[in-house]
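In what follows, a single structure is set out as structure tokens and then discussed.
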Amino acid sequence: MNLTHVDRTRASATDSTKRSVATIFCTNTDFLQHVAVCAASLLANNPDLFFDIVIVAQTSEDLDEEKVRRSLAGFPNQRLSFKKFTIPRDLLLPLNPQAHYTLDTYTRLWVGDFFPRNTNRVLYLDADIVVVGPITDLWNVDLSGALMGAVDIPGSDRGVTRLGMQAEDGYFNAGVLLIDIKQWRATRAEETVIEYIRANPDKVLYDQDALNACFYGRTKRLAYKWNVIRPFFRDPSPFPLDHAELDSIRREARIIHFNGGSKPWNYFCDHPRKEEYEKYLRMTEWRNYVPPDRTLLNRGRKLISAILPPFVKRLLKQASSSFAAS
């Protein structure tokens, strides 16, 4: 393992008087804009908290650090550090080509290397996230001795079908993790995950599979509002939750996770909370970003789609599926 510090931190004079929320992002050049958006949303909605933000990238990545600093300069409640990291070359970490994550997500396994020894807990966030409310209650959650806190995917059977777990074990989404970093270090948790991957490479299709398989019994289940993934907004929802509960989760969402293939930085994204991403994008140095798929042709297609009656859309979709199958 090779860890290189690029700690050009800038802190306000009030750092020592505010409670610091240790926060980590693991990213690459392609996702740096989205990290800046997520960080801006986090800072904007939590002015009473001070954030010690660490952005980690592979040694081979050349991040535009100054652009991120300029994006967050207007927020006095943050200290920003960049660190370089190289995943050990002898590790064969599986990547599912059909999934929407990169090798960088595995970097979080070494979270213990990126913060001072006196840090007690760390908040990990995926880049495709927007924070839309205060997270004080999340940061102060009593983990009750658990290694970390995470949000389950309601009714998911991934752990049962692929990982040999029981239905009652649940299966959590690892886009938001509240980690007891002292326990993580003391139990050498990253080695547990790595050994599992080495022994079960055929079972790990998603980056979070190994975390679930290793730590389902050491993870505290958090309220859905702390990681509201895309299926919560689908109608009908694939989750075994009644309409009242779904409406409550959507309404009370504090962290919106744009997981899956439809991202809010894509022109054709139809996520009902896409505007949240655009709102915080305008706070960053990427405010003039134009989606590559926002072409004249696609704008016309989107306009036509907006005025077509639903039954016509269904017929066109069925015709397209029939044509593809022929």
*Who passes salt bridge (charged side-chain N to carboxylate O under 4.0 Å, His left out) against Arg254, sequence neighbours left out?*
none
*Out of curiosity, Lys67 NZ to Leu32 CG, how far, rounded to the nearest 0.5 Å?*
8.5 Å
*Ile53 and side chain to side chain contact (heavy atoms under 4.5 Å, CB included): which partner among Leu125, Ile24, Leu80, Val68?*
Leu80
*ring pair (Phe, Tyr, Trp, His ring centres under 6.0 Å) with Tyr196: which residues, sequence neighbours excluded?*
none
*Any chance CG of Asp202 has more than 12 other-residue heavy atoms, nucleotides or ligands included, within less than 6.0 Å?*
yes
_With side-chain hydrogen bond (donor to acceptor under 3.5 Å, both in side chains) as the rule and sequence neighbours excluded, what pairs involving residues 139-148 come up?_
Arg19-Asn140
_I'd like to check the salt bridge (charged side-chain N to carboxylate O under 4.0 Å, His left out) partners of Arg121; sequence neighbours left out, ordered by chain and number._
none
*Spacing of Leu246 atom CG and Arg251 atom CZ [to the nearest 0.5 Å]*: 11.0 Å
*Contacts of Glu285 that satisfy salt bridge (charged side-chain N to carboxylate O under 4.0 Å, His left out) - sequence neighbours left out*: Arg70, Arg287
_Parallel, tilted or perpendicular, judged at 30° and 60°: which one describes the rings of Trp265 and Tyr277?_
tilted
*For Phe232, ring pair (Phe, Tyr, Trp, His ring centres under 6.0 Å) partners two or more places apart*: Tyr224, Phe239
*Regarding Tyr171 and Asn173, is there a side-chain donor-to-acceptor distance under 3.5 Å anywhere?*
no
